[in-house]
There are 2 protein chains.
Amino acid sequence: MVEDSEKVDRVFHALSNGTRRGMVRQLSRGECTVGDLARPADMSFAAASKHVKVLERAGMVNRRVKGRQHICSLRPDPLRDASEWLGFYEKFWSDNLERLAAAVETDYAREQEGR
Amino acid sequence: MVEDSEKVDRVFHALSNGTRRGMVRQLSRGECTVGDLARPADMSFAAASKHVKVLERAGMVNRRVKGRQHICSLRPDPLRDASEWLGFYEKFWSDNLERLAAAVETDYAREQEGR
DNA sequence: GGATCATTCAACCAATTGGTTGAAAATCTG
DNA sequence: CAGATTTTCAACCAATTGGTTGAATGATCC
């Protein structure tokens, strides 16, 4: 797993905000304009524009200008990369599920008895 | 996919920093102390301590105090949740657009009616 | 008891975030 | 052309981030 750290930073950062996750959800249903993305978020145009820019910098959104409208669409690659990053660790915890669960349980037990 | 938004925020935020992802990687190989996590990151103890706290607030790390050492271990649940969130959108790029749209609709409806 | 080790805490700092407003720049419409 | 629409830009603001230091707390070692 060769991660371009800054790129991964930007993707996870983009996803760390509920408004932006909402935009991703909306975009997953199809292309839409910045205005379309602003409306359900109940925020100023400028704020939505900034969020879109964050998604763009993360490579998750593509923008195509058509007249006065900016039409956004979802670009799947970065999401897939992030998913792969997590998947790597998912493998870890499914491989070591027993050991992990045991460790966590022991921790709790130890905590309960005041250690 | 019923997301507790603030919790998801915290997990993705925790993952948006390369140092913290390094800590997750290290922890995936086994428990270690805060000091163990600080060393490869080449930063002050205090800084590492703050990063661990971020991971803890995201529910990704458990801490057990043993004498003067704080021993950290990985808690898999939040990582799995984040992975599921992404997996949901993975449908988008696995060329089944119609099914994704349907899934989004159902999920959104579920959310609207209060989980 | 005193030194040392592992860790947190508190204060501080610069940079970034997520939002606002008001104005500007294009584009469409009558 | 004048107005309305869509969007960005610039300035500002409060809160948060990621780091630093120096001191405080709590084990452990001799």
Side-chain angles (χ1 to χ4, degrees), chain A residues 5-27 30-73 107 110-111 113-115, chain B residues 5-27 30-73:
Chain A
S5 200
E6 283 179 29
K7 202 167 145 188
V8 181
D9 283 7
R10 282 194 291 269
V11 174
F12 280 126
H13 167 68
L15 290 171
S16 74
N17 177 284
T19 300
R20 283 190 296 263
R21 286 196 305 278
M23 288 177 166
V24 169
R25 179 172 55 204
Q26 191 174 341
L27 284 167
E31 295 189 331
C32 52
T33 69
V34 174
D36 292 337
L37 291 169
R39 208 158 305 110
D42 189 36
M43 57 183 5
S44 72
F45 246 73
S49 175
K50 282 188 185 182
H51 281 302
V52 170
K53 222 171 295 175
V54 170
L55 292 166
E56 239 182 328
R57 265 203 314 271
M60 299 165 61
V61 157
N62 188 259
R63 179 195 307 246
R64 159 178 116 247
V65 179
K66 187 180 182 184
R68 51 187 167 175
Q69 297 180 98
H70 292 207
I71 299 171
C72 304
S73 54
D107 266 12
R110 243 183 245 117
E111 235 170 278
E113 44 182 74
R115 283 278 304 176
Chain B
S5 202
E6 283 180 28
K7 201 167 146 188
V8 180
D9 284 6
R10 282 193 292 269
V11 174
F12 280 126
H13 167 68
L15 290 170
S16 75
N17 177 285
T19 300
R20 283 190 296 263
R21 285 195 305 278
M23 289 177 166
V24 169
R25 188 180 308 124
Q26 191 175 340
L27 284 167
E31 294 190 331
C32 53
T33 69
V34 173
D36 293 337
L37 292 169
R39 208 159 305 111
D42 189 37
M43 59 184 3
S44 72
F45 239 137
S49 174
K50 282 187 184 183
H51 280 303
V52 170
K53 223 170 296 176
V54 170
L55 291 167
E56 240 183 326
R57 265 203 313 271
M60 299 165 62
V61 158
N62 186 259
R63 179 196 308 247
R64 155 172 57 99
V65 179
K66 187 181 182 182
R68 51 187 169 178
Q69 298 180 97
H70 291 206
I71 299 171
C72 304
S73 54

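No hydrogens, no waters, no symmetry mates; every other heavy atom, side chains included, goes into these values. Convention: sequence-line order gives letters A, B, ...; per-chain numbering from 1.
A donor-acceptor distance shorter than 3.5 angstrom exists from the side chain of Q26(B) to the backbone of D36(B), with no hydrogens or angles considered. Without hydrogens or angle criteria, R20(A) side chain to H13(A) main chain gives a donor-acceptor distance under 3.5 Å.
Taking only side-chain nitrogens and oxygens, K53(A) comes nearer than 4.0 Å to OP1 or OP2 of dC9(D). Residue N17(B) has a polar side-chain atom (N or O) positioned under 4.0 Å from OP1 or OP2 of dG18(D). At the phosphate of dT7(C), neither OP1 nor OP2 sits under 4.0 Å from any side-chain N or O atom of H51(B).
A distance of 5.5 Å separates CD of Q69(A) from OG1 of T33(A), quoted to the nearest 0.5 Å. Residue R10(A) holds its CZ atom at 12.0 Å from OG of S16(B), rounded to the nearest 0.5 Å. The CG atom of L27(B) sits 11.5 Å away from the CD1 atom of I71(B) when rounded to the nearest 0.5 Å.
Counting heavy atoms from C-beta on, the side chains of M60(B) and L15(B) come closer than 4.5 Å.
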When you compare the protein's N or O atoms with those of nucleotides 20-30 of chain D, which come within less than 3.5 Å of each other, and at what distance?
{"unit_1": "dT20(D)", "atom_1": "OP2", "unit_2": "S44(B)", "atom_2": "N", "d": "3.3"}
{"unit_1": "dT20(D)", "atom_1": "OP2", "unit_2": "S44(B)", "atom_2": "OG", "d": "2.9"}

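Residues V65(A) and R57(A) each lie close to DNA chain C; by heavy-atom proximity, the contact nearer the 5' end of the strand is made by R57(A).
Spacing between atom NE2 of H70(B) and atom C1' of dA6(C) amounts to 7 Å, rounded to whole angstrom units. For R20(B) and dT17(D), the CZ to P distance is 8 Å, given to the nearest whole Å. dG18(C) atom C1' lies 15 Å from atom CZ of R21(A), rounded to whole Å. As rounded to whole Å, 14 Å separates atom C1' of dT16(D) from atom CZ of R10(B).
In this structure, of dT7(C), dG18(C), dG19(D), it is dG18(C) that holds the atom nearest to the side chain of H13(A).
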